[in-house]
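Before any comments, here is the structure.
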Amino acid sequence: MRFTSAISALALLSTPALAQTLPASNPFAKPSSLPFQAAPFDRIKDADYQPAIEAGMAAQRAEITRIADNKAPATFDNTIAAMERSGRLLERASLAFYTVTGANTDEALQKAESALAPKFAAHRDAIALNPKLFMRVKTLYDRRATLGLSAEQLQVLTLSYQDMVRAGALLSPADKKVLSGYNRDLSTLETTFQQKLLAAAKAGALVVDDKAKLAGLSDAEIAAAADAAKARGLAGKWVLPLQNTTEQPALASLTDRATRKALFDASWTRAVKGDGNDLRGTISTIAMLRAKKARLLGFPTWADYVLADQMARTPKTALAFMQQMGAPLAAEQKREATELQAQIKADGGDFELRPWDWQFYAERLRKARYDLNQDELKPYLEINKVLVDGVFRAATELYGITFKRRTDIPVWHPDVMVYEVFEENGQPLGLMYFDYWKRDNKQGGAWMSNLVNQSKLLGTKPVIYNIANFTKPAAGQPALISFDDVTTMFHEFGHALHGLFANQTYPSVSGTNTARDFVEFPSQFNEHWALDPKVLPHYAVNYKTGAPMPQALIDKIRRASSFNVGWDVGQTLAAAELDMSWHALSADAPKQDADAFEKQALAATGLDVADVPTRYRSTYFLHIWANGYSAGYYAYQWTKMLATDATDWFERNGGLTRANGQRFRDLILSKGHTEDYAPMFRTFYGKDPEIGPFLKNMGLNADGSRIAPDPAPAK
């Protein structure tokens, strides 16, 4: 049983008798009778969640007490497996709850979330810091070589012991009390951060009162902005909602420089305005408390604590990896800035390149150099076609699985689509939900998670969802998306495959319950298939005529694939180093001035923070303050290295074939955390990860030079 992962990894399950403390009318009182035990969202009301979760906590604590007080000698089954079986009521209620609080929240849900946050922290501590329970686990761990366990059982036992130690099981009673205080305060602050950030993003949306200021946007985008304004009661105006990142998609198209600057400023300052949603004090307190918690647990910094059970193992290894990327990317950023300044001059501009200009002039340069205009692509990228004939088709070609739309499964919002997934032999594999359109009450970004976790022990199959924040078309308009959105769809479905192919007995090591710097590997790898010649022609067709995307346009996409990489990867690397800086603070460091600390940390990266801003400022860096990626944002680039290595293997072994897909499924996607990550990867790739294919994929040599000169401007 894992204690350091998200709620899904708590493997929490209750007995039917204890579940009866809930009224029978509560939808969580019994396991769902829907296919795959899918949550009955048509029957769940906001008021149902908190009572079910609190009853689930009480039920599991009673179960844990029985395990800990068991007079019989500890065995794997009466201790470790019993822990894995515990808490089912809590699991089904909490997984549904955190689905809706992330994707479709409201005031009542946020109030419940705030009330439950410290209770969850106390509940986890009550299990992890139970001395009798720990002694039973330790007894088994000390005798693990003599127990005749299977490889998966040995892994579960080892991780259970290590996680309890990491959670503070070896601390004195006095220190355990201090630790519980830290956990309580951190859980409350992290929930506060998440809720205030959502409010800050909504309040920070750019309101435009003159349609002419939106020149450059498509008719569909302008109509969507008008709809967004109407939804806020702002008839006759236009609203550009904020995405979660610093960069906003409209900046690539808006021709009015003042509007671009206003949109960038709205994004950059969303949570630093000195109002009720200012998050500078919150994040400084979180960083300080995390440093103190790390010291209490025997680690010099929070980063040391976090990375101890990751693939990289130490901050030194992660930083060395980032530094290998830093010099080539810094050199590329300087080249790109020079080229964009020249593009500004060529267009008659007489001003210095600024962040709100970068993507606009990058698009101008992309069109000049590759004759590629992103707006040319959208008519060929209708979202349902991309999903069915792109994302699904690639999965069928690689893994043999098929998909069937289900309209009888209740959902948390009318936008959500549901598909049942089948094995090649027709056996049911799992259930998938897709919720793609942006809403003001949805957290920013894109993510995957489970509503039901796979476990042979519990007899459950995976129920998984993908969530994104694409701009919803106005009524009557086609659902056209950007190629970046296409990449996001393939990425998140890579996570889904990791969850769908879970094949574990014990839930704590099932599916995506892996380290942060490994869990992004399957998703990054799955992005590769978006441009595969066996996949792209099937989904990239004109929504009006059905004509396939011209090969000349496909060739342009491929040639431009490493264009603007200094910006694209550099801003992410800067964010990763900013994250590591916050979490490299010692417990003796004072509470930081967030603005001053951020400025100093970003300057130290050596990346161009003046023209290429960090992908996330500290104050809207949801990943590291509330979503479990603290000291772990480097994982996106680390796993991209793993993914490009895997792509390199596929290309050397025949590309997209059923046999190659099966090998990847068998050696990576179906393993969960039943093995250590480095040997698992080595078995698939044949050697340790290497950065060469990653840099090559970006068009760069290790010394920062470009692999090949850029083409002359298109004629």
Side-chain angles (χ1 to χ4, degrees), residues 6-9 11 13 27-28 30-44 88-89 91-100 102-104 383-384 387-388 390-396 398-437 446-468 489-504 507 510-513 522-523 526 665 669-670 672:
I7 295 300
S8 62
L13 197 51
F28 297 109
K30 296 180 180 179
S32 170
S33 60
L34 291 170
F36 301 93
Q37 297 184 26
F41 287 110
D42 57 337
R43 297 196 297 115
I44 301 171
R88 191 163 197 178
L89 169 59
E91 181 179 60
R92 61 179 175 260
S94 61
L95 290 178
F97 178 66
Y98 284 108
T99 299
V100 296
N104 199 42
I383 192 168
N384 295 293
L387 179 64
V388 174
V391 174
F392 290 172
R393 184 183 183 90
T396 301
L398 285 163
Y399 311 112
I401 58 177
T402 55
F403 306 83
K404 180 182 178 181
R405 181 78 183 268
R406 299 285 300 256
T407 57
D408 59 327
I409 305 294
V411 294
W412 57 86
H413 189 277
D415 286 346
V416 180
M417 301 180 293
V418 183
Y419 284 83
E420 186 172 354
V421 188
F422 298 90
E423 292 277 19
E424 194 168 24
N425 63 6
Q427 290 298 308
L429 178 61
L431 205 61
M432 274 293 312
Y433 297 68
F434 299 89
D435 184 1
Y436 283 139
W437 302 123
W447 64 95
M448 163 270 180
S449 193
N450 284 53
L451 276 162
V452 178
N453 294 303
Q454 179 275 336
S455 167
K456 294 176 185 176
L457 181 73
L458 306 178
T460 51
K461 292 182 179 292
V463 176
I464 292 171
Y465 56 87
N466 280 173
I467 292 179
M489 291 172 68
F490 276 86
H491 177 101
E492 296 305 330
F493 196 71
H495 284 307
L497 290 169
H498 200 182
L500 285 167
F501 291 150
N503 190 34
Q504 281 64 60
S510 176
T512 57
N513 284 330
S523 56
N526 204 58
R665 174 177 178 173
L669 294 178
S670 66

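Both backbone and side-chain heavy atoms feed into the values below; hydrogens, waters and symmetry mates do not.
- For the pair Val421 and Pro428, the minimum side-chain heavy-atom distance is 4.5 Å or more.
- If you run side chain to side chain contact (heavy atoms under 4.5 Å, CB included) between Leu95 and each of Asn453, Val463, Val452, only Asn453 comes through.
- Taking the ring-ring contact (aromatic ring centres under 6.0 Å, His included) definition, one finds that Phe97 meets it with Tyr49, sequence neighbours left out.
- Atom-to-atom distance recorded for Tyr399:OH and Ser670:OG is 10.5 Å, nearest 0.5 angstrom.
- The side chain to side chain donor-acceptor pair (under 3.5 Å) analysis of residues 420-430, with sequence neighbours excluded, yields the pairs Arg406-Glu420, Glu423-Arg665, Glu424-Arg658.
- When all heavy atoms are compared, the tightest approach of Pro507 to Ser455 is CD-OG, 3.4 Å.
- Closest approach of Ile464 to Leu500, counting heavy atoms only: CD1-N, 3.3 Å.
- In terms of the side chain to side chain contact (heavy atoms under 4.5 Å, CB included) criterion, residue partners of Leu398 (sequence neighbours excluded) are, by chain and number, Trp529, Phe650, Leu656.
- Among residues two or more places apart in sequence or in another chain, the side chain to side chain donor-acceptor pair (under 3.5 Å) test is passed with Asn104 by Asn441.
- Proximity of a side-chain donor or acceptor of Thr396 to a complementary backbone N or O of Thr402 within less than 3.5 Å is not detected.
- In terms of modelled atom types and a separation under 3.5 Å, the side chain of Ser510 and the main chain of Gln454 share a donor-acceptor contact.
- Using a 4.5 Å heavy-atom threshold, the side chains of Val388 and Arg405 count as separate.
- A side-chain donor-acceptor contact under 3.5 Å links Asn526 to the backbone of Phe490.
- Residues that satisfy the ring-ring contact (aromatic ring centres under 6.0 Å, His included) test with Trp412, not counting sequence neighbours, are Phe41, Tyr433, Tyr465.
- Aromatic rings from Phe403 and Phe392 are positioned such that their centres are separated by under 6.0 Å.
- In terms of heavy atoms, Trp447 sits closest to Ala103 at CZ2-N, 4.3 Å.
- Taking 4.5 Å as the limit, every side-chain heavy atom of Lys404 sits out of range of all side-chain heavy atoms of Tyr419.
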Could you go through the side-chain hydrogen bond (donor to acceptor under 3.5 Å, both in side chains) check for Thr512 and His498 one step at a time? CA-CA 6 Å; Thr512 57; His498 200 182; 5.8 Å; no

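- Here the CG-CD1 distance, from Leu451 to Ile409, works out to 11.5 Å after rounding to the nearest 0.5 Å.
- From Met448, atom CE reaches atom CG of Leu497 across 9.5 Å, with rounding to the nearest 0.5 Å.
- A distance of 5.5 Å separates CE of Met432 from CZ of Phe493, quoted to the nearest 0.5 Å.
- Residues Asn503 and Lys456 are in side-chain contact: their nearest non-hydrogen atoms beyond the backbone lie under 4.5 Å apart.
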What donor-acceptor contacts under 3.5 angstrom involve side-chain atoms of residues 31-39, with partners at least two apart or in another chain?
| unit_1 | atom_1 | unit_2 | atom_2 | d |
| --- | --- | --- | --- | --- |
| Ser32 | OG | Leu34 | N | 3.1 |
| Ser32 | OG | Ala38 | O | 2.5 |
| Gln37 | OE1 | Arg88 | NH2 | 2.6 |

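- Checking side-chain atoms of Asn466 against main-chain N and O of Glu492 turns up a donor-acceptor pair under 3.5 Å.
- With contacts defined as side-chain heavy-atom distances shorter than 4.5 Å, the pair Val418/Leu431 qualifies.
- A 4.5 Å side-chain heavy-atom check between Phe434 and Asp415 finds every atom pair outside the cut-off.
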